[in-house]
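Notes follow the structure.
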Amino acid sequence: MTDQVALPAAPSQLVLSLFPGVDLLGRGFEAEGFSVVRGPDLIYGNDIRQFRVVAGRFDGVIGGPPCPDFSKARRSEPSGYGLEMLAEFRRVVLEARPTWWLMENVAGVPDMVLPGYSHQRIDINASECGLQQNRLRHFQFGHCDGLVLTVKRLPVRTDVEPCCTASEGSQLGKRDWLRFCQLQGLRDGIDLPAFTLGARYRAVGNGVPVDMARMMASGILSLRGSDDVRVCQCGCGREVEGRARLAKPACRKRQQRKRDSVGVIRSSSVTL
């Protein structure tokens, strides 16, 4: 009988998805080979504030807490709900104690700095992910061993349409449902028979475009140590070489915008 060489066990890839909605973010991770467990969501009658998780069961925690309080499009004073949900994301991550976590929100969201984890902020546009949509999304990432997430973007598309928003379903001249889904990375659309038309647009419009989620998931599968890679100081997640601090000329402007707003971000962070 021929001796068989024992192969090392494949690393576990079990992920908990918080604030999932119809979970476009989780779908992207599933497409890259992760197994995703979906947490509670208000659209299904569940409340994260009553959710508890056992430590050490999940390798990663992902999620996009509600963002209106931090959005530039907000027309009213912040309600406080956004900070409350950030605190719930923080609580669940600290309860679960995963190897890594990834949070999606708008660029104006406070820092999510968690004890025992590194911290990165990364901005990426849907047009850099192969999608025909101009939509900026913001991610924060932490790893218990300080591994670094880099994002391998595609060439920026110039044939883009306006971004998909949760409110488009109530607007005159809205794009048809299939096209709206395709711009969010759902090539064949999605069937949500229990939702009203407006609710369908809100659910998909609130989601992270699937192709973008896949790009982030792929980056997590290729994490490297801080001694092996250097990333752009502007927070774009691009790798830099030599003595360079910034990856592209546009990164300098992005870095300056971040400096201009850092006081607001830090003052909000202390309330988490």
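Atoms considered below: every heavy atom in the structure, side chains included; atoms not considered: hydrogens, waters and symmetry mates.
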Inset, instruction - May I ask you to decide if the ring planes of Phe89 and Phe19 are parallel, tilted or perpendicular, using 30° and 60° as cut-offs? - result: parallel
Inset, instruction - Taking only Lys NZ, Arg NE, NH1 and NH2, and the carboxylate oxygens of Asp or Glu, determine whether Glu128 and Arg157 approach each other closer than 4.0 Å. - result: no
Inset, instruction - Taking all non-hydrogen atoms of both residues into account, name the closest pair between Arg214 and Gly28 and its distance. - result: CG-O, 3.4 Å
Inset, instruction - Can you see which heavy atom on Pro40 is nearest to which on Ile48, and at what distance? - result: CG-CA, 3.7 Å
Legend entry - Check ion pair Lys174-Glu168 (N to O, under 4.0 angstrom): no
Legend entry - Contact summary for Gln184 and Gly207, nearest pair of heavy atoms: NE2-O, 3.0 Å
Inset, instruction - Flag the pair Asn125 / Val156 as yes when at least one side-chain heavy-atom distance between them is below 4.5 Å, and no otherwise. - result: no
Legend entry - Path from Leu83 to Val109 over hydrophobic side-chain contacts below 4.5 Å: yes
Legend entry - Hydrophobic cluster membership, Leu154 vs Leu136, 4.5 Å side-chain cutoff: no
Inset, instruction - Apply side-chain hydrogen bond (donor to acceptor under 3.5 Å, both in side chains) to the pair Gln182 and Arg187, showing each step before the final yes or no. - result: CA-CA 5 Å; Gln182 290 172 339; Arg187 302 295 189 272; over 6 Å; no
Legend entry - Residue pair Asp159 / Gln132: nearest heavy atoms and the distance that separates them: O-CG, 2.6 Å
Legend entry - Salt-bridge criterion met for Arg121 and Asp111 (N-O under 4.0 Å): yes
Inset, instruction - Evaluate the ring planes of Phe34 and Trp100, with Trp represented by its six-membered ring, and classify them as parallel (under 30°), tilted (30 to 60°) or perpendicular (over 60°). - result: perpendicular
Legend entry - Leu186/Phe180 under side chain to side chain contact (heavy atoms under 4.5 Å, CB included): CA gap, chis, key distance, verdict: CA-CA 9 Å; Leu186 296 166; Phe180 188 81; over 6 Å; no
Inset, instruction - Determine, stepwise, if the pair Gln133 / Cys164 fulfils side chain to side chain contact (heavy atoms under 4.5 Å, CB included). - result: CA-CA 8 Å; Gln133 179 190 175; Cys164 298; 3.6 Å; yes
Inset, instruction - May I ask you to say whether Glu30 pairs ionically with Arg27, meaning some side-chain N is under 4.0 Å from a carboxylate O? - result: no
Legend entry - Atom of Gly33, atom of Gln13 and distance for their closest heavy-atom approach: O-OE1, 3.0 Å
Legend entry - Separation between CZ of Phe29 and OG of Ser218, rounded to the nearest 0.5 Å: 10.0 Å
Inset, instruction - Determine, using the 4.5 Å side-chain heavy-atom cutoff (strictly less than), whether Val210 and Ile122 are members of one ILVMFWY cluster. - result: no
Legend entry - hydrophobic_cluster_shared for Phe51 and Phe58, side chain cutoff 4.5 Å: yes
Legend entry - Euclidean distance, Leu131 CG relative to Met215 CE, rounded to 0.5 Å: 8.5 Å
Inset, instruction - Nearest 0.5 Å please: distance from the CG atom of Leu86 over to the CE atom of Met103. - result: 5.0 Å
Legend entry - Ile190 CD1 to Leu178 CG distance, which is reported to the nearest 0.5 Å: 12.0 Å
Legend entry - Electrostatic pair Glu239-Arg230, nearest N-O below 4.0 angstrom: no
Legend entry - Inter-residue atom distance Asn206.CG - Ile43.CD1, 0.5 Å rounding: 9.0 Å
Inset, instruction - Mind checking the CD1-OG1 spacing from Ile220 to Thr99? Nearest 0.5 Å is all I need. - result: 11.0 Å
Inset, instruction - Using distance alone, with no hydrogens and no angle criterion, decide if Asp123 and His138 have a side-chain donor and acceptor under 3.5 Å apart. - result: yes
Legend entry - Lys/Arg N to Asp/Glu carboxylate O, Arg200 vs Asp191, below 4.0 Å: no
Legend entry - Test log, rule side-chain hydrogen bond (donor to acceptor under 3.5 Å, both in side chains), inputs Asp23 and Ser17: CA-CA 8 Å; Asp23 208 18; Ser17 180; 2.9 Å; yes
Inset, instruction - Group every Ile, Leu, Val, Met, Phe, Trp and Tyr by side-chain heavy-atom contacts under 4.5 Å, then state whether Ile124 and Val160 land in the same group. - result: no
Inset, instruction - Go through the side-chain N and O atoms of His119 and Gln140 and say whether any donor and acceptor fall under 3.5 Å apart. - result: yes
